[in-house]
Asker: 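Sending over a structure as structure tokens; questions will come in a sec.
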2 protein chains.
Amino acid sequence: MAEDAQMGTDLTKNQQLVFDALSGADGPLSAYTILDLLRERGFRAPPQVYRALDKLVDIGLVHRLESLNAFVACRHPGCDTHEETIAFAICEDCGKVAEISDDALSDELGQIAGRSGFLLKKSTVELRGICGACRAA
Amino acid sequence: MAEDAQMGTDLTKNQQLVFDALSGADGPLSAYTILDLLRERGFRAPPQVYRALDKLVDIGLVHRLESLNAFVACRHPGCDTHEETIAFAICEDCGKVAEISDDALSDELGQIAGRSGFLLKKSTVELRGICGACRAA
DNA sequence: TGTCGGATGTTATAAGGTAACGTTTCTTGT
DNA sequence: ACAAGAAACGTTACCTTATAACATCCGACA
Ligand SMILES: [Zn+2]
Ligand SMILES: [Zn+2]
Ligand SMILES: [Zn+2]
Ligand SMILES: [Zn+2]
């Protein structure tokens, strides 16, 4: 029991291992990086990672970053069942990812969709640039 | 010379072929689908497609859809050197993609970035859902 | 004419993701 | 406690997406 944050949902052994790996990292991890990290814990093949990731993403504990083909543990302040749009700010310098929840953005996307008669199911917003810390440094 | 839209920039043979393939499609195409389409025109290997795509994306004639690992010809109304944020509405039913340029969205994303001291270089916004046509049908 | 950069052709391989199948383990009703 | 079904698991094999590396070709131009 290294760092089993997020009680309330009970995860299986593999899901917990994958979640812990992501929680312990300070940036996004690819599925194959997770696989390598967990080989010493018994993982042997991609499906073990992908199945855990699928579930974790499904219940909202993990997010997939489409533009990176990678995954991050959810660090959203009040992350329980966030239905709002989440934006990710990905630093191209240090690689860290900030998770941003913004009502105005959600509204704006909703309006854009509505205006063109589009039934919005899911939004992907990923910002690339340089984070504050790296700019200061 | 099937449908060589977009004069002004002069494309190489391969770039024109790839662009034509994308222009002729009514939805996004993967690099490997493009490769297959162009085999009869002499294409033999992935790098030929990816090199053309890289250039086309670079000059703005083609967009990459991160959440689909696929590419579309730019259909932005006034698409010359659009620096604004472009949002894509991807229909999960018919597969078509609408390209949406929206100032309010650009502003909003700029504000979100600014608020957290993030130097924004590029935004990816991809909306998934059902398009108007499919909803009506 | 020589040379130099950009575009090209080609092979091989890295990286990301899933189908399919059999086994184990957990639930749940009886 | 037991049977039956569901969920998770382990494993193999395979598919898709993307790039590294290297050799060649070709046009611009000094
Ligand atoms: Zn979150
Ligand atoms: Zn940074
Ligand atoms: Zn465009
Ligand atoms: Zn549709």
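Treat the numbers as computed from the prediction; the structure is a model and nothing was measured. Just so we're on the same page: letters track the sequence lines, and every chain starts at 1.
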Asker: Is B/Tyr32 stacked on the base of D/dT17, with ring centres under 5.5 Å apart and planes under 30° apart?
Answerer: yes
Asker: Would you say A/Leu105 and A/Ile100 are hydrophobically clustered, going by side-chain heavy atoms of ILVMFWY under 4.5 Å?
Answerer: yes
Asker: Hydrophobic cluster membership, with links at side-chain heavy-atom distances under 4.5 Å among I/L/V/M/F/W/Y: are A/Phe118 and B/Ile130 in one?
Answerer: no
Asker: Quick check on DNA chain C: between B/Thr12 and A/Ser30, whose nearest nucleotide comes earlier from the 5' end?
Answerer: B/Thr12
Asker: Walking along DNA chain C from 5' to 3', note the first and the last nucleotide with an atom under 4.0 Å from a heavy atom of chain A, and give both.
Answerer: C/dG16 to C/dA20
Asker: Suppose the criterion is side chain to side chain donor-acceptor pair (under 3.5 Å): which pairs have a residue in residues 116-128 of chain B, not counting sequence neighbours?
Answerer: B/Ser67-B/Glu126, B/Ser67-B/Arg128
Asker: Distance-only check: which donor-acceptor pairs under 3.5 Å involve side-chain atoms of residues 42-62 of chain B, not counting sequence neighbours?
Answerer:
from	atom 1	to	atom 2	distance (Å)
B/Gln48	OE1	B/Arg44	N	2.7
B/Gln48	OE1	B/Ala45	N	2.9

Asker: Starting from C1' on D/dG10, measure out to CZ on A/Arg41 and report it in whole angstrom.
Answerer: 18 Å
Asker: So which atom in A/Ala73 and which in A/Phe19 form the shortest heavy-atom distance, rounded to 0.1 Å?
Answerer: CB-CE1, 4.1 Å
Asker: Please report the distance, rounded to the nearest Å, between CZ in A/Arg51 and P in D/dT11.
Answerer: 11 Å
Asker: Measure the distance from CG on A/Asp54 to P on D/dA8 and round it to the nearest whole Å.
Answerer: 11 Å
Asker: Would you mind reading off the distance between A/Leu53 atom CG and D/dC9 atom P, rounded to a whole angstrom?
Answerer: 12 Å
Asker: Show, in sequence, the C-alpha distance, side-chain angles and deciding distance for B/Val72 and B/Arg64, and conclude whether the side chain to side chain contact (heavy atoms under 4.5 Å, CB included) test is met.
Answerer: CA-CA 7 Å; B/Val72 283; B/Arg64 176 191 171 84; over 6 Å; no
Asker: Rounded to the nearest angstrom, tell me the gap between atom CG in A/Asn14 and atom C1' in D/dG10.
Answerer: 9 Å
Asker: Going by atom types only, do B/Gln16 and B/Asp20 share a side-chain donor-acceptor pair under 3.5 Å?
Answerer: yes
Asker: Can you list the residues that meet the side-chain hydrogen bond (donor to acceptor under 3.5 Å, both in side chains) rule with B/Glu108, with sequence neighbours excluded?
Answerer: none
Asker: Give me the bend of the helix from C/dT1-D/dA30 to C/dT30-D/dA1, using the axes of the five pairs at each end, rounded to 10°.
Answerer: 30°
Asker: Between A/Gln15 and A/Asn69, which has a closest nucleotide on DNA chain D that is more 5'?
Answerer: A/Gln15
Asker: Same cluster or not: B/Val125 versus A/Phe88, using hydrophobic residues (I, L, V, M, F, W, Y) connected whenever any side-chain heavy atoms lie under 4.5 Å apart?
Answerer: no
Asker: Would you kindly confirm whether A/Ile86 and B/Leu127 end up in one hydrophobic cluster when ILVMFWY residues are joined by side chain heavy atoms under 4.5 Å apart?
Answerer: no
Asker: What is the distance, to the nearest angstrom, from the CZ atom on B/Arg64 to the P atom on D/dT17?
Answerer: 10 Å
Asker: Heavy-atom contacts under 4.0 Å between residues 42-49 of chain A and DNA chain D, which residues?
Answerer: A/Arg44, A/Ala45, A/Pro47, A/Gln48
Asker: Taking all non-hydrogen atoms of both residues, which atom of A/Arg135 and which atom of B/Gly117 are closest, and how far apart?
Answerer: NH1-O, 3.2 Å
Asker: B/Tyr50 side chain N/O closer than 4.0 Å to the phosphate oxygens (OP1, OP2) of D/dA18?
Answerer: yes
